[in-house]
There are 2 protein chains.
Amino acid sequence: MAASMDQAARKTRASRPSKDVDERVRDRSEAAILEAAGELFARKGFDGVRIAEIAERSGLPKANVYYYFPSKEDIYKALIGKLLAGWDKALEELRADRKPAEALGAYIVAKLEYSRQFGSESRLFANEILRGGRFLSKANRDHMRAMTRDKAVVIESWIAAGKMSPISVRHVFIMLWGATQFYADFEVLACDALAIKRITKKDFDEAAATITAIVLRGCNVVESAAEARSTDT
Amino acid sequence: MAASMDQAARKTRASRPSKDVDERVRDRSEAAILEAAGELFARKGFDGVRIAEIAERSGLPKANVYYYFPSKEDIYKALIGKLLAGWDKALEELRADRKPAEALGAYIVAKLEYSRQFGSESRLFANEILRGGRFLSKANRDHMRAMTRDKAVVIESWIAAGKMSPISVRHVFIMLWGATQFYADFEVLACDALAIKRITKKDFDEAAATITAIVLRGCNVVESAAEARSTDT
DNA sequence: TCAAAAGTTGACGTTTTGGTCAGGTTATGA
DNA sequence: TCATAACCTGACCAAAACGTCAACTTTTGA
């Protein structure tokens, strides 16, 4: 996911064992650029961002940004790559060997937490999808489809085992995605809806509790453990 | 919401009774521009669209677009205005005198139908919110807040009347918004999730059914046909 | 110590783009 | 018919934005 092939190749740190911490200038600069670009792309979309802005925000002169990344598009694509990793992580909670209520609750919490902590990444992803996913590679989309299918199978196994009522699993995924991303992606709307100025951790916790409660009850998920009250951590 | 004041004033159709159909060139041109611009803004965001594109797509030369709209921003704002009307319409379904199950179901259907029929408007709105709502006026936001509050009161009245279990009404709104907009706004993701090429009417119907089922059951909305007439606005 | 590699940067060139304008054509209404 | 208003448009401009470059400084490794 580094700048470009030739430059990445130059990095060969085996031949440069001087610093074990290896706080290479390159790494720091690339990170700074990526972070600045992430925030900006998230808020203004690909076309809305000037590399001069990225440069300014990352504290580097424009020409230096071009030293690390051959083009604006390359910066953007590098960020898209990072995104997809995070996308998967929450889904990992959905495993067939877990109790449905537990797994679904954990998924909702993880997804909300991800979008809370990585708000700008989440918005960047939303932005990209909204525009039709121009920059998503076929591999990216194949991976996402496969992931969805696998997790759908997990939930269908719970349904088959009578642990929850039969529903259109894939539509439920969409409900969950929509609900969990809303707070980060459409923060303005969420704030208006909640009649607050800024969304806090507490609001996210309430969101998790509400979404979990409705979805679990909505799917008639059986709660074997009589307790399992609110959806903490 | 027309181009600008002076130009709109000139329209004074009382003094020009020649055509009753009044298929004024102005009206057609403005509509063409707005439609073309809507599609483009939805897909590429404000900064991503060049007025040359709008011109081309609406079949007019660029300078002619400027004849009707003083600036790109004015075209964008005109569209935002149209959006908010649609936004309200679905919410009208939520009236205290209706039965909760009926009203909520109708709301979900109306919201989905709106985003299906006016996909590009929905995406444009999403785009605008994602970017922090730069072009939303204070009046716009005040209106939306007031609308949300009113409808929250309606649902809370149902809760108070024991017609559904107590939940965080405003978080439920967010769930509903997220779920109902997803299909239009994040079509790419929705297609991948549903393992289909394009979303059809049938998919929207299934979505409505699933969302309604989960939310109604999730909120323990009582389906008793008998009562549900204690609150009368 | 020192040459080569890595990193930095101000200034520049080219293209794009929002917006303007002067002058043309068509519709309107008396 | 004819004056006026509405409408249309090719050509143009200044600002901005992407990307380049040559020269400069710092770091590296032997």
Side-chain angles (χ1 to χ4, degrees), chain A residues 2-4 6-33 36-37 40-41 44-77, chain B residues 2-33 36-37 40-41 44-77 135:
Chain A
S4 72
D6 50 66
Q7 292 186 337
R10 257 186 264 151
K11 208 154 54 166
T12 55
R13 66 191 58 188
S15 66
R16 207 191 292 108
S18 57
K19 293 179 181 173
D20 10 328
V21 202
D22 202 28
E23 200 196 3
R24 307 283 28 208
V25 182
R26 165 164 230 102
D27 291 336
R28 283 195 299 115
S29 294
E30 278 181 4
I33 292 168
L40 290 167
F41 281 135
K44 308 168 82 163
F46 181 77
D47 304 279
V49 177
R50 298 174 300 272
I51 45 173
E53 277 181 289
I54 298 176
E56 194 182 357
R57 183 159 186 152
S58 55
L60 271 55
K62 193 178 64 159
N64 203 0
V65 172
Y66 275 103
Y67 174 74
Y68 289 107
F69 292 91
S71 75
K72 186 162 92 162
E73 194 170 316
D74 282 73
I75 301 178
Y76 192 79
K77 281 184 177 164
Chain B
S4 71
M5 275 308 117
D6 51 80
Q7 292 185 339
R10 259 185 262 150
K11 206 155 54 167
T12 55
R13 67 192 56 191
S15 65
R16 206 189 293 108
S18 56
K19 293 179 183 174
D20 14 328
V21 202
D22 200 30
E23 201 195 2
R24 305 281 29 208
V25 182
R26 165 164 230 104
D27 290 337
R28 284 194 300 115
S29 294
E30 278 181 3
I33 293 167
L40 290 167
F41 281 136
K44 308 166 80 164
F46 181 77
D47 304 279
V49 178
R50 297 169 300 262
I51 44 171
E53 276 182 290
I54 298 176
E56 194 182 355
R57 184 160 185 150
S58 55
L60 272 56
K62 192 179 67 160
N64 202 1
V65 171
Y66 274 102
Y67 174 73
Y68 288 107
F69 293 91
S71 76
K72 185 163 94 163
E73 193 171 317
D74 282 72
I75 301 178
Y76 192 79
K77 280 185 177 164
F135 289 101

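Below, chains carry the letters A, B, ... as their sequence lines are ordered, and counting in each starts from 1. For clarity, every value in this text was computed on a predicted model and none was experimentally measured.
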Distance check needed: [N] [atom2] versus [X] [atom1], whole Å only.
X	N	atom1	atom2	result
B:Lys72	C:dT16	NZ	P	16 Å
A:Ile33	D:dC18	CD1	P	14 Å
A:Glu30	C:dA6	CD	P	13 Å
B:Arg28	C:dT26	CZ	C1'	13 Å
B:Tyr66	C:dA22	OH	P	17 Å
B:Ile75	C:dT17	CD1	C1'	14 Å
B:Tyr76	C:dG18	OH	P	15 Å

Report task. List in chain and number order the residues that pass side chain to side chain donor-acceptor pair (under 3.5 Å) with B:Glu73, two or more places apart in sequence or in another chain; answer none if no residue qualifies. Result -> B:Lys77
For residues [X] and [Y], report the shortest heavy-atom separation together with the two atoms involved.
X	Y	answer
B:Pro61	B:Ala55	C-CB, 3.8 Å
A:Val65	A:Ile33	CA-CD1, 4.0 Å
A:Ala32	A:Ser58	O-CB, 3.5 Å

Query raised in the report: Between A:Arg24 and D:dT28, does any side-chain N or O lie under 4.0 Å from OP1 or OP2?
Result: yes
**Report entry** Those residues of residues 47-55 of chain B lying under 4.0 Å from DNA chain D by at least one heavy atom
**Finding:**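 Listed by number, there are none.
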What nitrogen or oxygen pairs link the protein and nucleotides 8-15 of chain C at under 3.5 Å?
| residue | atom | partner | partner atom | Å |
| --- | --- | --- | --- | --- |
| C:dT8 | OP2 | A:Asn64 | OD1 | 3.4 |
| C:dT8 | OP2 | A:Asn64 | ND2 | 3.1 |
| C:dT8 | OP2 | A:Tyr68 | OH | 2.8 |
| C:dT8 | O5' | A:Asn64 | ND2 | 3.3 |

Query raised in the report: Roughly how far, to the nearest 0.5 Å, is the OH atom of B:Tyr68 from the CD1 atom of B:Ile75?
Result: 12.5 Å
**Report entry** Pairwise distance OH(B:Tyr66) to CD1(B:Ile54) - rounded to 0.5 angstrom
**Finding:** 8.5 Å
Taking distance alone, no hydrogens or angles, what donor-acceptor pairs closer than 3.5 Å link side-chain atoms of residues 44-52 of chain A to residues at least two apart or in another chain?
| residue | atom | partner | partner atom | Å |
| --- | --- | --- | --- | --- |
| A:Lys44 | NZ | A:Glu53 | OE2 | 2.5 |

Report task. Scan residues 56-66 of chain B for pairs that pass salt bridge (Lys or Arg N to Asp or Glu O under 4.0 Å), counting only residues two or more places apart or in two chains. Result -> B:Glu39-B:Arg57
